[in-house]
Amino acid sequence: TLGSKLHKAISNFISGGVADKEAIKQLKNEMLRALLESDVDFEIANKVVSEVEKKSLEKELPDGLSRKKSVISIIHDELVAILGKKHYPITINHDKPTIIMLIGIQGSGKTTTTAKIAKYIKKRGKKVAVVTADNWRPGAYEQLQQLCSQIDVPVYGDPENKRTVKIAQTGIKKFLNEKYNYIILDTAGRHKEEKDLLNEMNDLYSKIKPDEVILVIDGNLGQTAYKQAKAFAEKTPVGSIIVTKLDGSAKGGGALSAAAAAKVPIKFIGNGETIDDLEEFNPTSFVGRLLG
Amino acid sequence: IKKVIHPLKDILIQNEVAVVTADKICESVSDKLLNVEYKRMSSPKSLILEALRSSLLEILQPEETIDLLSLVEEYKKKKQPLVIAFFGINGVGKTLSIAKLGYYLKKNDISSVFAASDTFRAGSIQQLEQHAKKVGVKIISQTYGSDAAAVAFDAVSHASAKGIDVVLIDTAGRMETNKNLMAELQKLDRVVEPDLKIFVGDALTGNSLVSQAELFNSKIGIDASIINKMDADVKGGATISVVHATRKPILFIGVGQKYNDLKPFIPEQIIKNVLP
Ligand SMILES: Nc1nc2c(ncn2[C@@H]2O[C@H](COP(=O)(O)OP(=O)(O)OP(=O)(O)O)[C@@H](O)[C@H]2O)c(=O)[nH]1
Ligand SMILES: Nc1nc2c(ncn2[C@@H]2O[C@H](COP(=O)(O)OP(=O)(O)OP(=O)(O)O)[C@@H](O)[C@H]2O)c(=O)[nH]1
Ligand SMILES: [Mg+2]
Ligand SMILES: [Mg+2]
């Protein structure tokens with residue numbers, strides 16, 4: 001397994017000692033391989049490995065089993081450094097309404113996550129409503145209606161309306177008048193080559209002025225994650241990331257790379273299709289799972 | 001040779017090929033290099049690149065190919081509908097691919113019917129209904145929570161009775177590691193016995209693509225793949241990982257969200273991206 005190969009390389013390195021060039025080379029290769037197999041961006045993986053080499057070879061390390069533990073903890077710390085050590089909560093205003101907006105690549109899980117967040121926020125005592133500015137995907141409005149009906153949260157959508165800014169403004173205005181104080185805006189999927197859609201996303205952002213923009217990232221994303229996330233963050237001020245589909249075989253290295261590219265914290269993970277499958281992000285368990 | 005192969009592995013990985021797939025490609029390239037006759041005119045670099053090119057070409061051009069239109073003609077002669085099932089993990093483009101295929105078949109004067117066998121996900125039936133309406137084909141559906149295999153079976157019976165050429169079965173997205181959902185798909189396979197089983201994958205996927213291809217192949221069987229979102233600035237290594245894992249052809253690639261964004265897979269385009 002992934003974890004056992006890396007642990008074996010670490011054991012060989014420990015028993016060989018710092019002077020053993022071959023053991024160091026083996027360790028670096030196994031570390032790099034573990035990170036790449038977990039979908040960590042190629043450049044980031046190489047940087048992490050050279051950082052670990054620097055720190056584990058120059059530090060005054062205790063011998064034996066505790067040195068093995070410290071090599072593992074150094075790898076761990078390098079990855080957690082990218083993700084941030086503390087828990088960053090989702091924006092919840094207490095003195096005025098909160099509006100958050102979800103963006104991301106086609107099929108990443110935005111609509112499902114919108115409903116999950118609605119339930120999460122509703123449990124915290126807010127009066128939650130959902131607006132969908134996706135007038136493009138067939139059945140998008142019905143999908144959100146069906147999801148939100150499970151938690152008795154109202155949904156506004158207008159698939160016949162060609163202008164997404166108009167849909168968003170109308171829905172938000174309606175819900176603010178009805179005294180809803182937390183509004184979640186779902187948008188259509190898009191990727192970095194679709195320049196018109198990126199412009200539309202930015203247009204929505206500047207007209208709606210949400211309190212937080214969340215980039216939804218599919219946990220299966222591979223080596224393309226970094227540049228996609230970078231393009232989104234350059235176009236619109238992304239505040240955080242939610243990683244989805246971590247209930248499959250994906251290790252989430254793409255999401256770590258996306259967080260590095262956008263320079264934002266990961267706030268939640270999605271680990272299932274139901275409306276309850278949303279977990280607050282824990283960097284330690286995320287990295288533990290990534291390293292196998 | 002080992003020294004020379006290592007940078008190749010990095011190139012493959014940076015071109016989105018899965019790590020285990022890159023390993024196997026490098027093994028095959030080293031084998032080729034061990035057996036090659038060193039002609040005085042060719043530089044080592046060109047020998048290596050040639051070995052890589054031929055390894056990739058071998059992978060991307062599997063022995064079996066599928067000509068969909070002639071397969072349809074074959075079934076028309078048998079007076080039987082061609083039944084095609086689409087499966088894969090969540091959000092990879094199964095439903096849109098069915099709409100695109102229905103549109104493609106219609107342009108070629110081939111009739112089809114959609115089977116709404118995703119009876120689980122919110123909005124899935126309405127989504128496929130709206131696609132069916134836009135494309136101009138019939139859809140067979142029941143209610144949410146109904147049996148996926150029963151809906152598919154219904155659609156096949158309908159197609160046989162009405163002389164419809166092709167049945168396109170949409171299924172719910174599922175993680176290949178979810179035993180219950182894979183068992184549900186196996187049941188649909190047993191009940192309906194599709195003539196073509198299509199694995200649908202996302203070109204942006206990393207290493208989990210190999211696990212997806214392997215598990216769907218071992219539990220259900222894959223006759224061909226469709227890889228979507230190839231328009232998202234990808235190098236296309238995902239296609240290499242999938243064809244390597246399944247040894248089955250790529251039926252089409254998805255290059256956008258419109259109905260005509262379904263294109264044939266051309267190995268040369270991927271090789272051109274990978275070969276420096
Ligand atoms: N297993 C699993 N499935 C998920 C998760 N999050 C979302 N999904 C599924 O992924 C698929 C895509 O989710 P959507 O919410 O439709 O994705 P989207 O980003 O809104 O898609 P577009 O609007 O087309 O861009 C659906 O089948 C969801 O049920 C998750 O955490 N785990
Ligand atoms: N840009 C682009 N988007 C695509 C392509 N194929 C599918 N999509 C988009 O990806 C999203 C998901 O497509 P669906 O057809 O709903 O995917 P699915 O596999 O049926 O999803 P589930 O049923 O939820 O598992 C939609 O927004 C599609 O428009 C493609 O080739 N290019
Ligand atoms: Mg959506
Ligand atoms: Mg679908």
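A, B, ... follow the sequence lines: proteins, then strands. Residue 1 opens every chain.
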Angle class for the B:Tyr259/B:Tyr103 ring planes (parallel below 30°, perpendicular above 60°, tilted otherwise)? tilted

Let me know if B:Ile89 has heavy atoms under 4.5 Å from chain A in its side chain, its backbone, both or neither. side chain

From the list B:Val92, B:Asn207, B:Val20, B:Leu96, the residue making the most non-hydrogen contacts under 4.5 Å with chain A is B:Asn207

Can we say A:Asp134 and A:Lys110 salt-bridge, meaning some charged N sits less than 4.0 Å from an Asp/Glu carboxylate O? no

Between B:Thr177, B:Leu128, B:Asn228, B:Asn90, the one whose heavy-atom pairs under 4.5 Å with chain A are most numerous: B:Asn90

Could you tell me if the side chain of B:Thr205 sits less than 4.5 Å from the side chain of A:Leu221, heavy atoms only? no

Side chain, backbone, both or neither of B:Asp10 within contact of chain A (heavy atoms, under 4.5 Å): both

So which part of B:Gln212 gets closer than 4.5 Å to some heavy atom of chain A, the side chain, the backbone, both or neither? side chain

Segment of A:Ile105 engaging chain B (4.5 angstrom heavy-atom cut-off): side chain

Electrostatic pair A:Asp277:A:Lys119 at N-O distance under 4.0 angstrom: no

B:Asp233/A:Lys227 salt bridge by N-O under 4.0 Å criterion: yes

Go through the atoms of A:Gln145 and report whether side chain, backbone, both or neither lie under 4.5 Å from a heavy atom of chain B. neither

Hey, which of A:Asp247, A:Thr112, A:Leu36, A:Asn220 has the most heavy atom pairs under 4.5 Å with chain B? A:Asn220

Against chain B, work out which of A:Glu43, A:Gln106, A:Gln228 has the most heavy-atom pairs shorter than 4.5 Å and name it. A:Gln106

For B:Phe216 and B:Phe199, take the angle between the two ring planes, folded into 0 to 90°, and tell me which bin it lands in: parallel under 30, tilted 30 to 60, perpendicular over 60. tilted

Residues A:Glu37, A:Arg33: salt bridge by 4.0 Å N-O rule: yes

Answer key: most heavy-atom pairs under 4.5 Å with chain B among A:Gln223, A:Lys245, A:Arg190 is A:Lys245

